[in-house]
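Being a predicted model, the structure only gives us computed values, none of them experimental.
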Amino acid sequence: MTNSARSKLLLIDGHSMAFRGFFALPVEKFATSTGVATNAVYGFLSMLITLLKEEQPSHVAVAFDAGSHTFRTEQYPEYKGTREKTPEEFKHQIPLIEEVLHSLGITTMSKDLIEADDIIATLSFEASQAGMDVLVCSGDRDTLQLVNDRVTVLYPRRGVSDLARMTPEAVYEKYQVTPEQYPDLAAMVGETSDNLPGVPGVGPKTAAKWLGQYGDLDSLLAHADEIGGKVGQSLRDHIDQVRLNRRLGQLLRDVELPAPVAELTIKPWDRAEIDQVLDSLQFRTLRERLFALDTNPANQEATTAGAGGVELVDLERTALAEWLAAASEPLGIAIEGNQLPVDPDVWLLALGRSDGEAVVVDFAQLRTEDEAVLRAWLADEAAAKTGHGVKGLLHALSSRDIELAGVVFDSQLAAYLAHPDQRTYDLPSLAMRYLGLDLTVTDNGGQGSLDLGDESQASALGADAVVLARLEQKQREELAGIDSLELLTDLELPVTWLLAVMERDGIAVDSSYLAELSKDFAAHAENSAQAAYQSIGHTVNLGSPKQLQTVLFDELGMPKTKKIKTGYTTDAAALADLYAKTGNDFLAHLLAYRDTTKLKQTVDGLIRSTASDGRIHTTFQQTVAATGRLSSTEPNLQNIPVRTEAGRQIRRAFVVGEGYETLLTADYSQIEMRIMAHLSGDTGLIEAFNSGEDLHNFVGSRVFSVAPADVSSSMRSKIKAMSYGLAYGLSAFGLSKQLNIEVAEARGLMTDYFERFGGVRDYLHTVVEEARVTGYTETILGRRRYLPDLTSDSRQRREMAERMALNAPIQGSAADIIKIAMLQVGAALAEEKLDSRLLLQVHDELIVEVAPGELERVTALVRGRMASAATLSVPLEVSVGVGASWLAASH
DNA sequence: AACATTACGTA
DNA sequence: CGTACGTAATGTTG
């Protein structure tokens, strides 16, 4: 049936339709969080989705104007001369639209000196010659000349969603001429928007009447002297203009184009790529509308071809041991259960082979002998396995004291290493991306779904396991291609084991102390609140920025602060600034209230997170931070206060657990600056670290040309801010803001800095340039971060990407190093059969719980292993503290 | 109920 | 107009 359906080509005038979208949608409502306008992109894509859905074209192309200079302006410089300059807000959206189209596999075309309509006319002509149906979507009436039995123009009436179908009949009804006659009519009537004057006194009605009488413009002009009255004279007076109009209005049908119509089929969708593009545009609803489409036959074919049936092996008939022994490749492991460190559980486990065979076991019904076989196999280092988020697997299996070894792959970690910027790495997305399988389709008949056999949970789990086995093959190849396979097998996978144990162990807290702290902070906050109400004479929700804006700027008439989306900011820096200006006590009370409520929230969060064993078990996220860092959730133990005295008191609550002697903290000193010295090879900076001198004093003495001893504290703090800022892509403006100095002074400071440390400047420059060429940055271990925005036309996006490119190798290399250190420390503790254990990692710091009598050995071991984790051109310095609480161990 | 916005804690 | 994160409250939207 589908073969007999005629091919249908959809041709879109990109500029024209984007422009409609731009004016139809309010720019304020359609912008990314960074302020990039996206209303035209949104409007265009929305229209495109509708067309794809309603019209089901088999071929699509979008044509764009190459520029305002065309062969028409060469013939007639005034052509389109009255057009207003394209708004900046609009211009930058064209590349974004092209990006979206490319991710959708839709061909875009543009050609120097040629307008989009000429490209469309050429393609339209070629396609209708080949017997295809053609839809032309354009807001330019010149395209009406293309209309015939095969070609329909969709002309926007208002906005981008209301399109008029201009068939030959519709054209005639509207203009009383045939499509072929339309350019003749337009030549006489003129087109204001193209700056083409028509014949005065001649409108569409008159022009149509004449064309009805004479057939076409040539015949009409040949008999121009027969036409009487004022309009006849007017026509004769403007014949040259009419001829010019006619020539300019004629669309070219013989433009040389890069691709024939046959190649304009919609390409298979790479959902991950589309996701990435839509993410960057911050589109949500359009994504759903888009993926709900089923217009792409090529995609369906690819999807179906990749799908195979999953066959569940019946353990009543097949011996588990034999089935396992027959495995010649890593088996996929999928489970059903709680994969968190607290109260983990597992009730179903599936093992899958890439050929589609799967075993699913229900622990509640598992025969004793099968369970023994399964346990032995899972614990067998030589039996290769692959999973998805193996850390969770380890938690779940630990609930039944099941040991897991021989895991050679983790599809989630692998996907993260390949594309560390993605939001999530859920299995269905990976299945779609790497295998073209749609795991979200649960019904049997659905195209692209695995044939589940039945809809039970067990079958779905078996399918997951099969998918994992197949993913391993694809992703292993991908990682090998970017030299990241070792990163997975030698770093991230071992780290997963370590993290699982750290999470399971947790860190002990003093719960009664936390309760006390909460009470203290509450009382303090309440006092500040009352004092705040007192000073303005009424109560207000101090936690509501909106209400505070009313109080500060309307009621008290304070000077306006920095603008934000909803008005003016009330953040701490702005409030402190206002306090300096006005001296109003309300501000001081408000700041105090903010501080203490924030601390109370942190404490209350810790209380809520304390497990029944009196310890807090955070979850470390290993696939979240794009640079390679870990992050910590539920609760986040990587942002426990330390900077203020009151905040530090919270660290007292983290204590050594029963049966252990003390806590030990070990942190790298200035690791990012050391990495900067290493990567840049700057001799001055390397010397700074080898001199034994305090880093900032050393650098300060060079920048300010004084002796190290004469570096004042104000000089030192400026140097410190600048040194750290450089690794983030700090600008002179940002530095001036932070240090409260003039921009000129900040710029001078940076110039002096770079004069003395030219290697740093060269390095920072090179790292961005290389990334622009290769498309990615790399850490010392070869961990990549892709930054496509480095070549963006939008300055904002490009500069953002440049700062990321500066920072990623530095932050990421530090992450690499501490991960190595963790593995080394973990291995050393095990080798030396010590009972002390790693509890937390806070980016450049490790926290260890030391068993009785082990302090000396553990201190030496941690120091040594951390310092030797990497060999850089500067030493890695480690400072260690010991104490009964995290606070006490911090100094 | 889900999402966005604002603010703020850490390295 | 400095990177990388997570959490909580308020307020808006469906």
Side-chain angles (χ1 to χ4, degrees), chain A residues 32-35 282 284-285 420-421 540-549 562 564-575 590-591 593-606 608-609 618-621 623-644 646-648 650-651 667-673 721-739 743 746-747 750 764 777 785 787 795-796 799-812 814-815 818 840-845:
Chain A
T32 65
S33 50
T34 51
Q282 300 173 0
R284 293 169 168 282
T285 47
D421 284 281
V540 60
N541 185 345
L542 297 173
S544 163
K546 199 182 160 206
Q547 294 182 35
L548 287 175
Q549 283 180 35
K562 201 177 73 181
I564 54 173
K565 274 187 189 162
T566 57
Y568 300 92
T569 184
T570 66
D571 67 19
L575 293 183
L590 172 58
L591 281 165
Y593 172 84
R594 281 246 183 97
D595 277 350
T596 30
T597 43
K598 177 80 182 172
L599 293 175
K600 180 175 184 297
Q601 277 167 18
T602 302
V603 169
D604 290 345
L606 293 175
R608 271 198 306 278
S609 305
T618 185
T619 298
F620 287 104
Q621 305 294 337
T623 60
V624 166
T627 51
R629 273 189 178 182
L630 299 178
S631 73
S632 159
T633 60
E634 291 180 80
N636 181 356
L637 293 187
Q638 291 179 325
N639 73 341
I640 302 302
V642 71
R643 288 176 192 178
T644 66
R648 271 196 293 277
I650 299 178
R651 294 194 169 214
D667 58 84
Y668 283 117
S669 308
Q670 300 135 344
I671 187 166
E672 296 199 348
M673 283 308 293
M722 181 158 52
S723 290
Y724 280 108
L726 286 178
Y728 301 146
L730 185 66
S731 65
F733 179 90
L735 184 64
S736 74
K737 197 107 193 206
Q738 193 191 330
L739 295 175
V743 178
R747 191 171 298 125
M750 291 179 79
L764 294 175
T777 62
R785 178 172 189 185
L787 294 163
R795 197 178 106 176
Q796 194 173 10
E799 290 182 341
M800 180 65 146
E802 286 169 358
R803 291 192 293 271
M804 292 173 175
L806 288 182
N807 180 250
I810 297 171
Q811 191 185 114
I818 197 157
L840 297 178
Q841 186 253 49
V842 190
H843 308 310
D844 65 357
E845 174 185 14

S.K.: Do NZ/NE/NH1/NH2 and the carboxylate oxygens of Asp604(A) and Arg608(A) come within less than 4.0 Å?
M.R.: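 Looking at Arg608(A) together with Asp604(A), the answer is no, because their closest N to O distance does not fall below 4.0 Å.
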
S.K.: Name the nucleic acid region contacted by Gln738(A), choosing base, sugar-phosphate or nothing; use a 4.0 angstrom heavy-atom cut-off, strictly under.
M.R.: base

S.K.: Is the distance from OP1 or OP2 of dG2(C) to the nearest side-chain N or O of Arg803(A) less than 4.0 Å?
M.R.: no

S.K.: Categorize Ala572(A) for me: base, sugar-phosphate, or nothing, with a 4.0 angstrom heavy-atom threshold over every strand shown.
M.R.: sugar-phosphate

S.K.: What's Thr597(A) touching, base or sugar-phosphate or nothing? Going by heavy atoms closer than 4.0 Å.
M.R.: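 Counting heavy atoms under 4.0 Å across all strands, no contact is made by Thr597(A).
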
S.K.: Under 4.0 Å, counting only non-hydrogen atoms across every strand here, what does Ile640(A) touch: a base, just sugar-phosphate, or nothing?
M.R.: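 The answer is sugar-phosphate, as Ile640(A) gets under 4.0 Å only of primed atoms, P, OP1 or OP2.
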
S.K.: Would you say dG2(C) has OP1 or OP2 under 4.0 Å from some side-chain N or O of Ser731(A)?
M.R.: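 Ser731(A) to dG2(C) OP1/OP2: side-chain N or O found under 4.0 Å.
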
S.K.: So does Arg629(A) get a side-chain nitrogen or oxygen closer than 4.0 Å to the phosphate oxygens (OP1/OP2) of dA11(B)?
M.R.: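 No, outside the criterion.
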
S.K.: Take the protein atom CD1 of Ile671(A) and the nucleotide atom P of dA11(B), then report the distance between them rounded to whole Å.
M.R.: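 In whole Å, dA11(B) P lies 14 Å from Ile671(A) CD1.
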
S.K.: Going through the distances and angles, do Ser632(A) and Thr618(A) end up as a side-chain hydrogen bond (donor to acceptor under 3.5 Å, both in side chains)?
M.R.: CA-CA 6 Å; Ser632(A) 159; Thr618(A) 185; 2.7 Å; yes

S.K.: What is the separation between atom NZ on Lys598(A) and atom P on dT7(C), rounded to the nearest whole Å?
M.R.: 11 Å

S.K.: Categorize Arg594(A) for me: base, sugar-phosphate, or nothing, with a 4.0 angstrom heavy-atom threshold over every strand shown.
M.R.: sugar-phosphate

S.K.: Would you mind classifying the nucleic acid contact of Ala626(A) as base, sugar-phosphate or nothing, using non-hydrogen atoms under 4.0 angstrom?
M.R.: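 Counting heavy atoms under 4.0 Å across all strands, the contact made by Ala626(A) is with sugar-phosphate only.
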
S.K.: Provide, to the nearest angstrom, the distance between the CE atom belonging to Met804(A) and the P atom belonging to dG2(C).
M.R.: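 One finds 13 Å between P of dG2(C) and CE of Met804(A), rounded.
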
S.K.: Is it the case that the base of dG9(B) and the side chain of Asn639(A) share a donor-acceptor contact (distance under 3.5 Å, atom types as modelled)?
M.R.: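 A donor-acceptor contact between them is present.
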
S.K.: The side chain of Thr569(A) lies closest to which of these nucleotides: dA4(C), dA7(B), dT7(C)?
M.R.: dA7(B)

S.K.: Can you tell me the distance, in whole Å, between the CG atom of Asp844(A) and the C1' atom of dA4(C)?
M.R.: 13 Å

S.K.: Kindly express the pairing pattern of DNA chain C in dot-bracket notation, using | wherever a base pairs with another strand and counting only Watson-Crick or G-U pairs under 3.5 Å.
M.R.: ..|||||||||||.

S.K.: List for me each residue that meets side-chain contact (heavy atoms from CB on, under 4.5 Å) alongside Val842(A), sequence neighbours excluded, and say none if there are none.
M.R.: Gln638(A), Glu845(A), Ile847(A), Trp886(A)

S.K.: Taking protein heavy atoms under 4.0 Å as touching, what does nucleotides 8-14 of chain C look like 5' to 3' if B marks base contact, S marks sugar-phosphate-only contact and - marks none?
M.R.: SSSSS--

